[in-house]
Amino acid sequence: MPNIIHVSDLSEEGVSVFSRLTEAQLRNRLEPEKGIFIAESPKVIDLALNEGYEPVSLLMEPKHIEGQGKEIIERCGDIPVYTAERSVLAQLAGFELTRGVLCAMRRPILPSPEEICKNARRIAVLEDIMDSTNIGAIFRSAAALNIDAVLITPSCCDPLCRRAVRVSMGTILQVPWTRIGNIPADWTKNGTDKLRAMGFKTAAMALSDNSVSIDDPVLKSEERLAIVLGAEGDGLSKETIAKCDYTVKIPMSHGVDSLNVAAAGAVAFWELRVR
């Protein structure tokens with residue numbers, strides 16, 4: 001039997017995970033095994049359950065208990081199902097984008113880069129990308145264009161923040177990912193060496209006169225390739241570019257100097273895919 005709890009105020013105990021906790025509090029960095037993230041909309045929640053994520057509690061409009069939330073409730077066992085009228089839930093930022101159903105889920109324990117890249121041939125490495133929209137869009141492209149894994153540096157935006165998960169349409173829950181390094185210096189000093197030790201050639205996506213075009217046959221012939229994308233605005237650090245095996249550019253026209261990092265990632269993933 002579902003454990004349905006009616007609430008009239010978002011400050012009530014049990015609902016704070018959806019309404020009052022910050023992203024940092026949800027991550028619970030001191031005890032990451034107890035961390036939570038929020039999956040929004042029946043489609044994304046269903047996808048997360050399919051991928052083995054553990055649900056903690058649900059929040060939905062009453063009409064969804066026997067509607068589009070019914071199957072989700074059945075799949076989630078006896079966890080609390082909080083329900084409130086739309087006028088109450090409308091106080092939640094972005095509620096209109098949730099399709100009326102939210103699920104708090106356990107964060108997974110992240111594997112090592114070596115573990116998720118063991119059989120990978122094409123991976124993406126995201127250096128210091130802070131915008132959650134870009135993170136979500138990159139993961140969506142990675143899923144669609146058959147990137148085997150994504151590694152993020154310690155200064156990147158959290159891929160499981162609500163906006164990134166939403167923009168990715170839940171694909172962040174499908175593509176294997178983890179952090180490469182625990183502190184920024186780990187990536188700066190040892191990141192490319194770690195990738196090389198795993199058998200990858202590294203391709204820094206950067207505008208440079210000393211670069212090869214993205215359609216260069218040499219790139220496509222690499223057995224294992226890590227596509228390295230840099231932060232909004234400044235792009236990749238000079239240190240990273242210098243340490244990578246290739247510097248790769250996407251030829252521009254009409255005086256355009258570069259693409260948004262998410263757009264550049266999509267182009268690179270397609271062009272450098274395994275044939």
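What you are looking at is a predicted structure, and each value in this text was computed from that prediction instead of being measured.
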Common cluster, [X]/[Y], ILVMFWY with side-chain heavy-atom separation under 4.5 Å:
X	Y	value
Val267	Ile135	yes
Val261	Ile147	yes
Leu225	Val175	yes
Leu102	Val15	yes
Ile109	Leu151	no

Are any non-hydrogen side-chain atoms of [X] and [Y] less than 4.5 angstrom apart?
X	Y	value
Ile172	Arg140	no
Arg162	Glu40	yes
Met205	Ile214	yes
Ile73	Leu58	yes
Leu219	Val212	yes
Ile45	Val101	yes
Cys103	Val44	no
Phe139	Val167	no

Stepwise side chain to side chain contact (heavy atoms under 4.5 Å, CB included) test for Thr133 and Arg163: CA-CA 7 Å; Thr133 298; Arg163 185 169 181 80; 2.8 Å; yes
Any side-chain to backbone donor/acceptor pair from [X] onto [Y]? Under 3.5 Å, distance only.
X	Y	result
Ser211	Leu207	no
Asp148	Arg121	yes
Thr171	Gln174	no
Arg273	Trp270	yes
Ser213	Asp216	no
Thr178	Pro111	yes
Arg122	Leu272	yes

So, taking the atom named [atom1] in [X] and the one named [atom2] in [Y], what distance separates them when rounded to the nearest 0.5 Å?
X	Y	atom1	atom2	answer
Glu127	Ile129	CD	CD1	8.5 Å
Arg166	Cys161	CZ	SG	9.0 Å
Cys157	Asp128	SG	CG	12.0 Å
Ile227	Glu222	CD1	CD	11.5 Å
Tyr82	Asn3	OH	CG	7.5 Å
Asp158	Met130	CG	CE	10.0 Å

For Tyr53, all residues meeting ring pair (Phe, Tyr, Trp, His ring centres under 6.0 Å), sequence neighbours excluded: Phe37
Minimum heavy-atom distance Ala164-Pro159, with the two atoms named: CB-O, 3.5 Å
Minimum-distance pair of heavy atoms, taken over all atoms of Ala104 and Phe18: N-CE2, 3.6 Å
Could you tell me whether [X] atom [atom1] has more than 12 heavy atoms of other residues or ligands within 6.0 Å of it?
X	atom1	result
Lys118	NZ	no
Glu114	CD	yes
Glu85	CD	no

Step-by-step side chain to side chain contact (heavy atoms under 4.5 Å, CB included) determination, Ser112 to Ile116: CA-CA 7 Å; Ser112 68; Ile116 70 166; over 6 Å; no
Criterion side chain to side chain contact (heavy atoms under 4.5 Å, CB included) on Thr188 and Ser237, from CA distance to verdict: CA-CA 9 Å; Thr188 304; Ser237 67; 6.0 Å; no
Thr83 and Glu61: side chain donor to acceptor below 3.5 Å: no
Salt bridge present between Lys243 and Asp193 (N-O < 4.0 angstrom): no
Presence of salt bridge, Asp245 and Arg196, under 4.0 angstrom: yes
Side chain to side chain contact (heavy atoms under 4.5 Å, CB included) between Thr240 and Val228, worked out: CA-CA 9 Å; Thr240 296; Val228 189; 4.1 Å; yes
Side chain to side chain contact (heavy atoms under 4.5 Å, CB included) partner of Ile180, chosen from Leu195, Asp186, Ile152: Leu195
